[in-house]
Amino acid sequence: MSLPLVNVLLSTYNGEKYISQQVESIMEQKDVRVICTVRDDGSTDGTKDILCQEKDRYGERLEYSCGNNVGFAHSFITLVKHSVDAPYYAFSDQDDCWEGNKLSACIDMIDNDDIPVVCYCNAMIVDSELRKIRKLRNDDPGIDNKVRILLYNTVPGCTMVFNKKAKEFFVNVDENNIEYHDHWLITLCAYFGKVIYCPYVGVLYRQHGNNQVGVSQKFFEKLRHRLKVLKSETHDSEKIASELLRCFGELLSDEDRQILTRVEKYRKIPFGWLKLLRNKNISVNMRGKKWWLFCRMLMRKL
């Protein structure tokens with residue numbers, strides 16, 4: 001029986017320090033066949049030269065292109081839309097390092113090709129020298145329903161593996177209306193397919209000063225991150241709700257359509273945030289995160 005084929009999608013930007021190590025960890029994955037599709041997002045350091053060397057090393061297994069700097073989310077969306085067909089896909093950051101069974105462990109848990117499925121593994125948070133700090137997750141993954149995923153995603157794209165059906169849903173998105181490609185993917189799988197957690201620690205999730213998106217480790221770091229969110233112009237959940245309604249409105253249940261419409265329009269109607277917060281489904285599903293949801297709604301930052 002032939003090994004499953006995975007197309008690993010990697011966006012780079014000024015990643016010369018760690019990119020070779022990450023590419024090697026991708027190419028040495030066990031029990032799968034890997035092709036790696038790379039898009040450089042306008043690097044100004046030596047990243048492009050290193051990618052050229054990696055292309056010489058791996059030949060047809062690695063393809064890369066260079067584009068203008070459009071930001072990581074838009075870059076990943078471009079990768080998905082123009083990727084070579086494969087049964088499975090995975091997002092990769094440029095500065096992590098993967099354990100050998102990262103891909104195969106997730107693929108083993110994807111049990112349906114007819115619906116969009118994403119499987120995400122656990123990760124080990126490490127410092128710049130790959131010294132272990134802590135696991136990203138305990139035994140409870142904390143992702144148990146679609147409303148919670150829509151409003152409070154905690155799954156980094158680098159831990160995700162998804163099937164071809166998920167890609168077919170994904171590419172309907174307007175890339176100008178999405179702020180986080182991984183949040184879009186996991187939400188559409190939650191609404192129209194399946195989200196699976198794999199406890200295997202498959203990613204050494206490197207934290208350093210140049211991370212585009214990282215993990216806050218301590219209380220004051222988390223507080224600083226959340227204050228940054230409240231000061232930003234992010235409206236990620238609102239935009240995802242809008243895209244789900246635009247792309248797949250006819251596939252949604254009446255209840256789902258109602259909740260998504262309220263999320264989409266909560267800033268446009270009087271006391272929309274309060275009506276949303278009082279919604280029974282949202283209140284029950286957010287559990288311990290309700291205070292943070294309240295802050296974001298009050299500041300119009302969903």
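Nothing here was measured: the structure is a model prediction, and the numbers come from that model.
Sorted by first and then second residue, the side-chain hydrogen bond (donor to acceptor under 3.5 Å, both in side chains) pairs with a member in residues 121-130 read Asn122-Tyr197, Asp127-Arg131; sequence neighbours excluded.
With hydrogens and angles left out, the side-chain atoms of Gln22 and Ser25 include a donor and acceptor closer than 3.5 Å. Between Glu243 and Asn177, the side chains place a donor N or O and an acceptor N or O closer than 3.5 Å (distance only, hydrogens not considered). With 3.5 Å as the limit, one finds no donor-acceptor pair spanning the side chains of Thr12 and Gln94. Side-chain contact of Asp41 with Ser11: a donor-acceptor pair under 3.5 Å is absent, judged by distance alone. Looking at His183 and Asn153, their side chains never bring a donor and an acceptor atom within 3.5 Å of each other.
Remark: the backbone N or O of Asn112 is paired with a side-chain donor or acceptor of Asn163 at under 3.5 angstrom. For the pair Asp96 (side chain) and Tyr205 (backbone), a donor-acceptor distance under 3.5 Å is absent. In this structure, the side chain of Asp93 does not engage the main chain of Asp95 through any donor-acceptor pair within 3.5 Å. A donor-acceptor pair under 3.5 Å is formed between the side chain of Lys55 and the backbone N or O of Leu62. Formation of a donor-acceptor pair under 3.5 Å by the Thr187 side chain with backbone atoms of Trp184 is not found in this model.
Shown here for Ser20 and Ile50, the closest heavy-atom pair between the two residues is OG-CG2, 3.1 Å. Among all heavy-atom pairs drawn from Asp40 and Lys48, the shortest one is OD2-CE, 3.3 Å.
The distance from the CG atom of Leu103 to the CD atom of Gln29 is 4.0 Å, given to the nearest 0.5 Å. In this structure, Leu185 CG and Ile178 CD1 are separated by 11.0 Å, a value rounded to the nearest 0.5 Å. How far CD1 of Ile240 is from CD of Glu264: 12.5 Å, rounded to the nearest 0.5 Å.
Residues Leu3 and Ile107 do not share a hydrophobic cluster, clusters being chains of Ile/Leu/Val/Met/Phe/Trp/Tyr side chains in contact below 4.5 Å. Ile133 and Tyr18 fall into different hydrophobic clusters, where Ile, Leu, Val, Met, Phe, Trp and Tyr side chains are chained together by heavy-atom contacts under 4.5 Å.
Checked against the 6.0 Å centroid threshold, Phe169 and Phe248 count as a close aromatic pair. Phe162 and Phe91 have their aromatic ring centers within a separation under 6.0 angstrom.
Applying the side chain to side chain donor-acceptor pair (under 3.5 Å) test to Arg33 and every residue at least two apart in sequence or in another chain returns nothing.
Residues Lys146 and Asp256 are paired through a salt bridge, judged by an N-O separation under 4.0 Å between the basic side chain and the carboxylate. Note on Lys102 versus Glu99: no salt bridge recorded, every NZ/NE/NH1/NH2 to OD/OE distance being 4.0 Å or above. Using a cut-off of 4.0 Å between Lys/Arg side-chain N and Asp/Glu carboxylate O, Arg57 and Glu24 are scored as salt-bridged. Salt-bridge annotation for Arg257 and Asp254: present, with a side-chain N of the basic residue lying under 4.0 Å from a carboxylate O of the acidic one.
A cation-pi geometry, defined here as NZ or CZ lying under 6.0 Å from the six-membered ring centre and within 45° of its normal, does not hold between Arg39 and Tyr64.
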Let me check something: any side-chain donor-acceptor pairs from residues 76-83 under 3.5 Å, sequence neighbours excluded? List them with distances.
residue, atom, partner, partner atom, Å
Thr78, OG1, His74, O, 2.9
Lys81, NZ, Val173, O, 2.9
Lys81, NZ, Glu175, OE1, 2.7
Ser83, OG, Val80, O, 2.9
Ser83, OG, Lys167, NZ, 3.2

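Val8 has its side chain out of reach of Thr37: every pair of non-hydrogen atoms, C-beta onward, lies at least 4.5 Å apart.
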